[in-house]
Amino acid sequence: MPELPEVETTTRGLSPHICGQKILQVNIYQPQLRWPVPEVLQQLEGQVSHDIERRAKYMLWRFAKGTVVMHLGMSGAMRVVDADTPLRKHDHFEVVFDNGKALRLNDPRRFGAILWQPKGQSLEIIDSLGPEPLSEEFNGKYLHQKLSKRKGAIKNAIMTNAVVVGVGNIYASESLFLSGIHPKRAANRISLKRCRLLAFNIKEVLAKAIKQGGTTLKDFTQTDGSPGYFSQELNVYGREGQACNKCQTPIKNIVLGQRSSFYCPRCQR
DNA sequence: CCCTACTCCTGAGTGC
DNA sequence: TGCACTCAGGAGTAGG
């Protein structure tokens, strides 16, 4: 279940298999995802795809006529298989190529999305996104400025797409631990110096996770089916009651914004 | 603007 | 085994 590193891993894994391929057929088996899957996608039949790029946790798959916008939600996975491979439960969307392969979206919880953005038109959900965490635009100064009007918990703030994209529940907890910041601290009460540290650690933790192919918690796998290897690097996520790696104090778990939030009560202030 | 609660779903795990 | 219940990595949206 994808956070940014998983989406990046998926995008990179898919690219060589689906870009430059001619589409034979588009099959919508279950149109009821987060939003209805648009039937106009059928018009891709006969088209050749250009490139695929990640923006936040969206994958943007470009064609001459427009872009297929794909999101994996909480439980989505994309796989490239031989087109005659039997469908699995929860295979909702499929693109068949003329080389005998097929791209399939499998998504048990159906929080994922497949959208169509016609060439020249904009999509509000994409336009309203904040900066990429790994870009130069996202730095301590930017973060400090952006947080200056936010009185809510810092963890909620860094998980808000308008502030910075791609920081999900796992990496929010992890980056706050590395920065020694309590997840509940009011966002506007964090110094510029600590904002610099936090921005740095968000970049670090995401870059490292991407390098290792994403976090494997339950059933995330890379597009070839192999697991990611970041899960052993987690300092606090899912470690309630276990000893902090820095000071041995038991890790705590509180609920913030209806999400589990793990932290060390001694290291994080 | 910001913030919180709610919402869409299925499946895995737990306790009885 | 079965049933009821809780929880899960996202994030748009309504209403304060």
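Below, read A as the first sequence line, B as the second, and so on, with proteins coming before strands; counting in each chain starts at 1. Computed from a prediction, not measured in an experiment: that's the story for all the values here.
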Checklist line | A:L72/A:M78 under side-chain contact (heavy atoms from CB on, under 4.5 Å): CA gap, chis, key distance, verdict | finding: CA-CA 8 Å; A:L72 299 175; A:M78 290 283 193; 3.8 Å; yes
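No N or O donor and acceptor, one from the side chain of A:R34 and one from the base of C:dG12, sit under 3.5 Å apart. In terms of polar N and O atoms assigned as donor or acceptor, the side chain of A:R110 never comes within less than 3.5 Å of the base of B:dC9 in a complementary pairing.
Taking a 6.0 Å sphere around CZ of A:F200, one finds it holds 12 or fewer heavy atoms contributed by other residues, nucleotides or ligands. For A:E39, the CD atom counts as loosely surrounded, since its 6.0 Å shell holds 12 or fewer non-hydrogen atoms of other residues, nucleotides or ligands. Counted within 6.0 Å of CD on A:E136, heavy atoms from surrounding residues, nucleotides or ligands total 12 or fewer; the atom is thus considered open.
The interatomic distance linking A:K155 (NZ) with C:dG9 (P) rounds to 8 Å, in whole Å. To the nearest angstrom, P of C:dA11 lies 9 Å from CH2 of A:W35. Protein atom NZ of A:K184 is 11 Å distant from nucleotide atom P of B:dT4, rounded to whole Å. Put simply, CE on A:M70 is 17 Å from C1' on C:dG10, counting in whole angstrom units. Taking atom NE2 on A:H71 and atom C1' on B:dC8, their separation rounds to 14 Å, with Å as the unit. One can place CG of A:L147 at 10 Å from P of B:dC2, the figure rounded to the nearest angstrom. Atom CE of A:M159 is separated from atom P of C:dA8 by 12 Å (rounded to the nearest Å).
Put simply, A:K89 has no side-chain N or O that comes within less than 4.0 Å of OP1 or OP2 on B:dT10. When the side-chain nitrogen and oxygen atoms of A:R150 are compared with OP1 and OP2 of B:dC3, one or more of them lie within a distance under 4.0 Å. Neither OP1 nor OP2 of B:dT10 sits under 4.0 Å from any side-chain N or O of A:H90. For C:dG12, one of the phosphate oxygens OP1 or OP2 lies less than 4.0 angstrom from a side-chain nitrogen or oxygen of A:Y58. The side chain of A:K57 contributes an N or O atom lying less than 4.0 Å from OP1 or OP2 of C:dA11. Regarding contacts with the backbone of C:dG9, a side-chain N or O of A:Y237 is found under 4.0 angstrom from either OP1 or OP2.
By the 6.0 Å and 45° rule, A:K246 stacks over the aromatic ring of A:F177.
Looking at A:Q47, its side chain never comes within 3.5 Å of a backbone N or O of A:I23 through a donor-acceptor pair.
Taking the six-membered ring for Trp and thresholds of 30 and 60 degrees, A:Y263 and A:H182 have ring planes inclined between 30 and 60 degrees apart.
Closest approach to the A:R109 side chain among C:dG9, C:dG10, B:dC9 is made by B:dC9 (side chain taken as heavy atoms from C-beta onward). The side chain of A:R259 lies closest to C:dG10 when the candidates are B:dC3, C:dG10, B:dT10. In this structure, of C:dG12, B:dT10, C:dG9, it is B:dT10 that holds the atom nearest to the side chain of A:P108. Nearest to the side-chain atoms of A:Q258 among the listed nucleotides C:dA11, B:dC6, C:dA8 stands B:dC6.
Backbone-only engagement by A:S260 is indicated by non-hydrogen atom pairs under 4.0 Å involving sugar-phosphate atoms exclusively. No engagement by A:Q32 is indicated, since no non-hydrogen atom pair under 4.0 Å with the nucleic acid exists.
Distance check on atom P: B:dC9 versus C:dC3 gives 23 Å, rounded to whole Å. Nucleotides C:dC7 and B:dA5 have their P atoms positioned 15 Å apart, rounded to a whole Å.
Where pairing requires Watson-Crick or G-U contacts shorter than 3.5 Å, the helical stems of DNA chain C with at least three consecutive pairs are B:2-8 with C:10-16, B:10-16 with C:2-8.
Considering A:H90, A:H92, A:E94 as possible partners of A:Y29, the one that fulfils the side chain to side chain donor-acceptor pair (under 3.5 Å) test is A:E94.
Judged by centroid separation below 5.5 Å and plane tilt below 30°, A:F111 does not stack onto the base of C:dA11.
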